[in-house]
Enquirer: 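Input: one structure, supplied below.
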Amino acid sequence: MNIPRSNNPRIVIIGGGFGGISLAQKLQKQEVQVVLLDKNNYHTFQPLLYQVSTGGLEPDSIAYPLRKVLIGYDNFFFRLAEVTEIIPERKMLQTTIGELSYDYLVPATGSETNFFGNTELEEHAMAMKSIPQSLNLRSLILENFEQALLTDEYHERDALMNFVIVGGGPTGVELAGALAEIKKGILPKDYPDLDTRRAQINIVQGGERLLDAMSEKASEKAEEFLEKLGVQVWKNVRVTGYDGKTVRTKTDLTFETATLIWAAGVKGATIKGLDAKELIAGGNRLSVNEFNQVIGYPDVFAIGDIACMQSDDAPARTSHDGAASYPTGTKLGR
Ligand SMILES: Cc1cc2nc3c(=O)[nH]c(=O)nc-3n(C[C@H](O)[C@H](O)[C@H](O)COP(=O)(O)OP(=O)(O)OC[C@H]3O[C@@H](n4cnc5c(N)ncnc54)[C@H](O)[C@@H]3O)c2cc1C
């Protein structure tokens, strides 16, 4: 990778998300060599992905070049590379651009969408964890409305204009609100010859309330606001499958839609090499102690969404979506 050996210890950070960037910045004045690896050369501001999906923002508004963020840092090297394996016995990484040794390793790889092994859902549903996925969703929405203009078949047209969002966490709630605003403000102007009032926005939550990791008051308010915006809120409904046309649930309830957005779970974006025994079941996160040291690996420190720090105050729990076991006090990615 053409990274010079220095007398200072080499800290390799995998992932230029919120965690990786903050750590690289904090280490600037220390006597260490910092190498940041990311499979993209930009940082994604995930909280605004829903705006890209719904056309409110262009992708470059939420993608920042990593080199620019960390420009002028001493003893700092960035390489565009995907890490494919960690070999802790040799303190070595395998990547798409070659091997790299480390003195200390910091996995900060975040999380990825969890379909809980349902391959049918994985094939047909849209996820919203990256900029390319958000752009795909945006294209699909626009294509469906163009398609809706071309059909006389009543049910088909409705299905093309219907949205089903699975997962009533913050991502699902934000997206439902944004879609409802588009339905009200933009669609009638852009598609005057289509009865866009018939477009339905459904949010389907497996548990008994929206935003179940937040206070009950927040849940009530979110539901109230969404319903005012015309969103249909379905609680205690578990989606079991989707063939690209019909959403099936555990009950007799079904939805006809050409757009199902899956916001019902994430799992840690782990890399092969660290002992699977140390991963948190379900959430697929690396179990760390109070210093973020990965249990069983003294030279490896995991941060951000990939890390699971349990304590008496924050024991593991399972979310209503059956999503992941994670400590209740921990900020979670969605
Ligand atoms: C739609 C959405 C909305 C959100 N809204 C909010 C919000 O409002 N408030 C809030 O607090 N949180 C929010 N979150 C959660 C928040 O974005 C995450 O908690 C945060 O991004 C986690 O930071 P991280 O550094 O752990 O990982 P990430 O930001 O996910 O970064 C991980 C990085 O690792 C890289 N990477 C992964 N695997 C590899 C590999 N093998 N090799 C090389 N590079 C790799 C990725 O390319 C990525 O750049 C939201 C998340 C989503 C998806």
Side-chain angles (χ1 to χ4, degrees), residues 1 12-26 35-54 56-57 59 62-67 69-70 78-86 93-98 100 102 105-114 126-135 137-138 165 167 169-178 211 213-214 218 222 261-274 283-286 288 292 301-309 323-324 326 330-334:
M1 289 195 198
V12 180
I13 304 170
I14 314 172
F18 289 121
I21 287 182
S22 307
L23 180 65
Q25 287 172 331
K26 292 258 178 202
V35 180
L36 176 65
L37 304 174
D38 199 298
K39 59 187 173 186
N40 297 313
N41 63 353
Y42 56 86
H43 165 82
T44 302
F45 190 80
Q46 294 178 19
L48 289 177
L49 279 172
Y50 80 99
Q51 287 279 5
V52 172
S53 302
T54 52
L57 283 176
I62 66 159
Y64 306 104
L66 283 167
R67 290 187 179 282
V69 176
L70 297 157
F78 171 73
R79 292 291 182 267
L80 177 62
E82 178 165 0
V83 178
T84 50
E85 187 170 355
I86 301 167
L93 297 178
Q94 269 175 5
T95 80
T96 44
I97 57 165
L100 184 70
Y102 62 82
L105 179 67
V106 183
T109 46
S111 57
E112 56 196 21
T113 305
N114 193 354
M126 305 298 287
M128 203 182 62
K129 279 289 288 174
S130 66
I131 290 174
Q133 286 174 344
S134 292
L135 288 172
L137 178 55
R138 177 165 162 174
I165 300 164
T171 298
V173 167
E174 277 168 351
L175 189 61
L211 303 179
M214 300 185 188
I261 302 144
W262 185 256
V266 291
K267 58 182 176 179
T270 48
I271 300 171
K272 185 176 155 198
L274 296 183
N284 211 32
R285 286 156 212 266
L286 295 170
V288 297
N292 281 76
F301 295 78
I303 58 173
D305 280 4
I306 185 69
C308 179
M309 189 187 292
Y326 54 81
T330 310
K331 179 177 78 65
L332 280 176
R334 282 98 71 178

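In each ligand, atom 1 is the first atom listed, and ligand 1 is the first ligand listed. In what follows, residues are counted from 1 in the order of the sequence shown.
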Enquirer: Is the backbone of E82 close enough, under 3.5 Å, to the side chain of T96 for a donor and an acceptor to pair up by distance?
Expert: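 Indeed, once roles are kept as given, a pair shorter than 3.5 Å links the two residues.
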
Enquirer: Heavy atoms only: give me the nearest A81-I97 pair and the separation to one decimal.
Expert: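 Minimum heavy-atom separation between A81 and I97: CB-CG1, 3.5 Å.
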
Enquirer: Please verify whether a non-hydrogen atom of S22 lies at under 4.0 Å from ligand 1.
Expert: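 Outside the 4.0 Å threshold, so no.
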
Enquirer: Test your reading of the model: is there a side-chain donor-acceptor pair from R285 to the backbone of D305, 3.5 Å cut-off?
Expert: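 Yes; at least one donor-acceptor contact below 3.5 Å.
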
Enquirer: Please state which part of I14 comes within less than 4.0 Å of ligand 1, counting heavy atoms only: side chain, backbone, both or neither.
Expert: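 Side chain only.
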
Enquirer: Against heavy atoms of M128, which atoms of ligand 1 measure under 4.0 Å?
Expert: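 By the 4.0 Å cutoff, the relevant atoms are 1 (C), 53 (C).
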
Enquirer: Counting from 1, what ligand 1 atoms have a heavy atom of G110 closer than 4.0 Å?
Expert: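 Near G110, meaning under 4.0 Å from one of its heavy atoms, ligand 1 has 26 (O), 27 (O), 30 (O), 32 (C).
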
Enquirer: So which heavy atom on R138 is nearest to which on P59, and how close?
Expert: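 Smallest interatomic distance, heavy atoms only, reads NH1-CD, 4.3 Å.
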
Enquirer: Do any N or O atoms from the side chain of N40 and from the backbone of Y42 form a donor-acceptor pair under 3.5 angstrom?
Expert: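 Here the side-chain-to-backbone pair does not exist.
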
Enquirer: Using distance alone, determine whether Q46 and ligand 1 share an N or O pair under 3.5 Å.
Expert: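 By distance alone, the answer is yes.
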
Enquirer: Would you call the rings of H43 and F18 parallel, tilted or perpendicular, where under 30° means parallel and over 60° means perpendicular?
Expert: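 Ring orientation of H43 relative to F18: perpendicular.
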
Enquirer: Tell me the contacting part of D305 for ligand 1: side chain, backbone, both, or neither, using a 4.0 Å heavy-atom threshold, strictly below.
Expert: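 It is both backbone and side chain that touch ligand 1.
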
Enquirer: We want to know whether K129 and S111 form a side-chain donor-acceptor pair, criterion being a heavy-atom distance below 3.5 angstrom.
Expert: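 A donor-acceptor contact under 3.5 Å links the two side chains.
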
Enquirer: For I271, which part has a heavy atom under 4.0 Å from ligand 1: side chain, backbone, both, or neither?
Expert: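 The answer is the side chain of I271.
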
Enquirer: I'd like to check whether Y42 has a polar contact with ligand 1, where a contact means an N/O of the residue lying under 3.5 Å from an N/O of the ligand.
Expert: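 By distance alone, the answer is no.
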
Enquirer: Under 4.0 Å, heavy-atom basis, I'd like to know which part of A263 is in contact with ligand 1: side chain, backbone, both or neither.
Expert: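 Under 4.0 Å from ligand 1, A263 contributes no heavy atoms.
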
Enquirer: In ligand 1, which numbered atoms sit nearer than 4.0 Å to a non-hydrogen atom of N40?
Expert: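 Every atom of ligand 1 under 4.0 Å from some heavy atom of N40: 47 (O).
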
Enquirer: List ligand 1 atoms under 4.0 Å from G17, heavy atoms only on the residue side.
Expert: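 Reading through ligand 1 atom by atom, the close ones are 25 (O), 28 (P), 29 (O), 31 (O), 33 (C).
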
Enquirer: Can you list the ligand 1 atoms lying under 4.0 Å from a non-hydrogen atom of T171?
Expert: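 Atoms satisfying the 4.0 Å criterion: 1 (C), 2 (C), 3 (C).
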
Enquirer: I'd like to check which ligand 1 atoms, numbered from 1 as shown, lie under 4.0 Å from a non-hydrogen atom of G19.
Expert: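 What qualifies from ligand 1 is 25 (O).
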
Enquirer: May I ask you to list the atoms of ligand 1 that are less than 4.0 angstrom from any heavy atom of A108?
Expert: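 Those atoms are 32 (C), 33 (C), 34 (O).
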
Enquirer: So which bit of A269 gets within less than 4.0 Å of ligand 1, heavy atoms only: side chain, backbone, both or neither?
Expert: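 No part of A269 comes within reach of ligand 1.
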
Enquirer: Need the ligand 1 atom indices (1-based, order shown) with element for anything under 4.0 Å from a heavy-atom of E82.
Expert: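 Near E82, the atoms of ligand 1 are 41 (N), 42 (N), 43 (C).
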
Enquirer: For G265, does its backbone N or O pair with a side-chain atom of N114 as donor and acceptor, under 3.5 Å?
Expert: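 A pair under 3.5 Å: no.
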
Enquirer: Would you give the length of the straight line joining atom CG of L93 to atom CD of E85, rounded to the nearest 0.5 angstrom?
Expert: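 One gets 10.0 Å once the value is rounded to the nearest 0.5 Å.
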
Enquirer: Could you establish whether F18 and ligand 1 come within less than 4.0 Å of each other, counting only heavy atoms on the residue side?
Expert: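 Yes, F18 has heavy atoms under 4.0 Å from ligand 1.
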
Enquirer: Over all heavy atoms of both residues, which pair between S134 and V52 is shortest? Give the atoms and the distance, please.
Expert: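 Answer, listing the atom of S134 first, then V52: CB-CG1, 3.9 Å.
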
Enquirer: Using 0.5 Å steps for rounding, measure from the CE atom of M128 to the CD1 atom of I165.
Expert: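 The CD1 atom of I165 is 8.5 Å from CE of M128, to the nearest 0.5 Å.
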
Enquirer: Measuring only between side-chain heavy atoms, which start at C-beta, is L286 closer than 4.5 Å to P107?
Expert: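 They are in contact (side-chain heavy atoms under 4.5 Å apart), so the answer is yes.
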
Enquirer: Output yes when the distance from some N or O of ligand 1 to some N or O of L49 is under 3.5 Å, and no in every other case.
Expert: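 By distance alone, the answer is no.
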
Enquirer: When you compare ligand 1 with K129, is there at least one nitrogen or oxygen pair between them that comes in under 3.5 angstrom?
Expert: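 No - when backbone and side-chain N and O of K129 are compared with those of ligand 1, no distance drops under 3.5 Å.
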
